[in-house]
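In what follows, a structure is listed as structure tokens, so that the remarks can point back to it.
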2 protein chains.
Amino acid sequence: MPRVHREQQILGAAVEEFGRHGYAAASMAEIARRVGVTKPLLYTYFGSKDGLCTACVDRIGPQLLEAIERAMASKPPESGLPHTVLTALFQALEGQRHAWFVLYDRTLPPGSEPWRAARRHREAVDELAAAGTAALLHAQGNDDARDADALKHIWTGTVSALLGWWISHPELSAQDMSARCARLLAAIRNGA
Amino acid sequence: MPRVHREQQILGAAVEEFGRHGYAAASMAEIARRVGVTKPLLYTYFGSKDGLCTACVDRIGPQLLEAIERAMASKPPESGLPHTVLTALFQALEGQRHAWFVLYDRTLPPGSEPWRAARRHREAVDELAAAGTAALLHAQGNDDARDADALKHIWTGTVSALLGWWISHPELSAQDMSARCARLLAAIRNGA
DNA sequence: TCGGTAATTTACCTCTTGGTAAGTTACTGC
DNA sequence: GCAGTAACTTACCAAGAGGTAAATTACCGA
């Protein structure tokens with residue numbers, strides 16, 4: 001099998017493994033086993049566990065960023081921004097639902113290379129969210145930067161929660177999730 | 001030092017370690033080092049890593065449950081239920097902000113004893129949240145059980161996000177957080 | 001004073017895991 | 001056909017993890 005193809009195959013398995021179990025609990029041998037290959041191949045292709053994890057992060061980060069940017073640019077006016085972004089995320093993550101948690105993995109060793117890479121990509125994603133939260137607060141006369149930052153965290157926490165819930169309901173499609181989120185967001189808006 | 005006292009000391013360090021790094025990345029030797037004690041003592045007192053982690057979970061679970069129950073029972077009418085619960089959580093977790101993530105640790109080995117214990121306590125906590133989400137949806141004519149379940153996840157995700165944000169702002173007190181959340185919840189209510 | 005027990009450590013074992021060196025297979029261009 | 005290279009495996013190493021047996025210290029009651 002040609003190298004580039006094999007690399008993509010490995011990355012797919014690695015994203016699933018890192019996302020499902022977290023960095024520390026993910027095992028190189030297990031990733032190799034899932035691909036049907038032996039460990040040294042992973043090391044000749046990606047150098048180290050850190051290298052493979054960083055490659056995963058560098059693959060997922062831009063995917064998500066582009067999905068969100070595209071969705072925000074072509075936002076249908078009848079739908080709210082949060083729902084638009086969620087729909088785009090569900091579409092981008094269908095087939096690799098664990099990928100989100102590779103980026104938002106609290107167990108990455110602080111200071112390590114994958115940690116820095118993940119933080120970098122998260123910041124890019126979060127920047128888009130930050131614009132939304134700051135605008136929402138500003139419209140209500142609140143210009144506290146920390147409030148906007150905390151609200152941004154609530155948003156990403158909500159996304160994480162929804163993706164976690166989606167993972168535990170494998171039979172639901174991205175469209176199902178999108179429709180459900182439309183209801184839930186409306187409910188929050190109307191009655192929190 | 002008497003055993004019961006030492007056990008509490010160990011539990012405190014272990015909660016911090018497990019909560020901060022997750023089960024897999026947490027190290028028994030490191031926990032021992034932080035307490036200023038050697039590894040075998042941990043094993044004579046708690047049997048195994050699983051045993052220690054389960055003890056942590058069994059300590060935190062009831063603490064949180066009681067804090068939430070007490071808050072819900074004595075809810076001041078002028079404040080919303082979410083804010084009441086958040087305030088109680090901040091108070092209960094001041095001084096052990098990582099504890100929440102011991103209970104909500106996605107890296108616990110599925111099927112293991114700490115995993116089962118954490119799930120049990122989470123269910124007890126979530127049951128209280130479920131009542132709230134189901135009521136909110138029911139008031140709007142939505143009786144979909146899955147919607148209520150997903151909304152419950154959004155709620156716990158929001159709590160996780162706020163605690164994560166609090167951890168990255170160590171200088172803020174529980175009261176600071178409570179006040180901030182009052183603003184944020186109002187902002188969400190008014191303008192999502 | 002002495003025996004027993006609780007608290008704790010030293011030194012060790014074992015197993016897993018990340019990581020590597022060397023060899024093997026198989027294709028490709030000349 | 002054959003050299004060379006890309007794809008891949010076997011067999012192994014070193015370090016760190018969880019875990020344990022045995023020894024030590026210190027206290028307390030008889």
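Labels below follow one simple rule: chain letters A, B, ... track the order of the sequence lines, proteins then strands, and each chain is numbered from 1.
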Please output the side-chain donor-acceptor pairs of residues 65-74 of chain B that fall under 3.5 Å, not counting sequence neighbours, one pair per line with the distance.
from     : atom 1 : to       : atom 2 : distance (Å)
Glu66(B) : OE2    : Arg70(B) : NH2    : 2.3
Ser74(B) : OG     : Arg70(B) : O      : 3.1

Treating primed atoms plus P, OP1 and OP2 as sugar-phosphate and everything else as base, which nucleotides of nucleotides 4-10 of chain D get B, S or - for protein heavy atoms under 4.0 Å? ---SBBB
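- Protein atom NZ of Lys49(B) is 15 Å distant from nucleotide atom P of dT20(D), rounded to whole Å.
- Using bins of under 30°, 30° to 60° and over 60° for the plane-to-plane angle, the ring pair Tyr23(A)/Phe18(A) lands in the parallel bin.
- Rounded to an integer number of Å, the gap from CZ of Arg33(B) to C1' of dG16(D) is 16 Å.
- Between Tyr43(A) and the phosphate of dG19(C), there is a side-chain N or O to OP1/OP2 separation shorter than 4.0 Å.
- In this structure, Asp105(A) does not pair ionically with Arg122(A), as no charged nitrogen and carboxylate oxygen lie closer than 4.0 Å.
- Between Met28(B) atom CE and dT14(C) atom C1' there is a gap of 16 Å when expressed in whole angstrom units.
- Using modelled atom types, one side-chain atom of Thr158(B) and one backbone atom of Ile154(B) make a donor-acceptor pair closer than 3.5 Å.
- Salt-bridge annotation for Arg97(B) and Glu16(B): absent, with no side-chain N of the basic residue lying under 4.0 Å from a carboxylate O of the acidic one.
- Among the atoms of the strands shown, none is found under 4.0 Å from any heavy atom of Ala24(A).
- Per the geometry, OH belonging to Tyr23(B) stands 14 Å off P belonging to dA17(D), to the nearest Å.
- Annotation: side-chain hydrogen bond (donor to acceptor under 3.5 Å, both in side chains) contacts of His153(B) (sequence neighbours excluded): none.
- Using a 4.0 Å heavy-atom criterion, one finds that Ala32(B) contacts no nucleic acid atom at all.
- Atom CD of Glu17(B) and atom C1' of dA17(D) are 13 Å apart (whole Å).
- Looking at residues two or more places apart in sequence or on another chain, you find a ring-ring contact (aromatic ring centres under 6.0 Å, His included) between His169(B) and Trp165(B).
- For the pair Glu7(B) CD and dT8(C) P, the interatomic distance rounds to 11 Å; values are reported in whole Å.
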Can you run through DNA chain D from 5' to 3' and write each base as (, ), [, ], | or . depending on how it pairs? Watson-Crick or G-U wobble, both distances under 3.5 Å. ||||||||||||||||||||||||||||||
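- Residue Phe46(B) contributes atom CZ, which lies 15 Å from atom P of dG18(D) at whole-angstrom precision.
- Here the side chain of Asp176(B) pairs a donor or acceptor atom with the backbone of Ser173(B) at under 3.5 angstrom.
- Partners of Tyr104(B) under the ring-ring contact (aromatic ring centres under 6.0 Å, His included) rule, at least two apart in sequence or in another chain, are Trp100(B).
- Ranking dG19(C), dG18(D), dG18(C) by closeness to the Ser27(A) side chain, first place goes to dG18(C).
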